[in-house]
Amino acid sequence: MPIAVLTDRERTAVQAYLRLLHTVRAAFDGPPNGDRPGVVPPAVLAEAEQALSRAGLSGNEEAFFQLLREWCPPPA
């Protein structure tokens, strides 16, 4: 299996995306009584947006998700 070598900015973008993903999952996995947050915290979204921009990946989702698959492959 090839190993992806990311730049610092690419790694930061992937990590920010994963934090965003975990935040959204936690919100949806919250208590079933409907006390789930309606939105993702703006700071988490802003962090992901800024990291993507700094890595030159804004608007290039295909390249970003390719990096994500290489760095954090789905379980087999």
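Being a predicted model, the structure only gives us computed values, none of them experimental.
- Every side chain to side chain donor-acceptor pair (under 3.5 Å) that R11 has, sequence neighbours left out, goes to D8.
- Every residue two or more places apart in sequence or in another chain was checked for a side chain to side chain donor-acceptor pair (under 3.5 Å) with Q15, and none qualifies.
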Residues 44-52, side-chain donor-acceptor partners within the protein, below 3.5 Å, at least two apart:
{"residue": "E47", "atom": "OE1", "partner": "R19", "partner atom": "NE", "Å": "3.4"}
{"residue": "E47", "atom": "OE2", "partner": "R19", "partner atom": "NE", "Å": "3.2"}
{"residue": "E47", "atom": "OE2", "partner": "R19", "partner atom": "NH2", "Å": "2.5"}

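- The minimum heavy-atom distance between R9 and R54, with the atom names listed, is CD-O, 3.2 Å.
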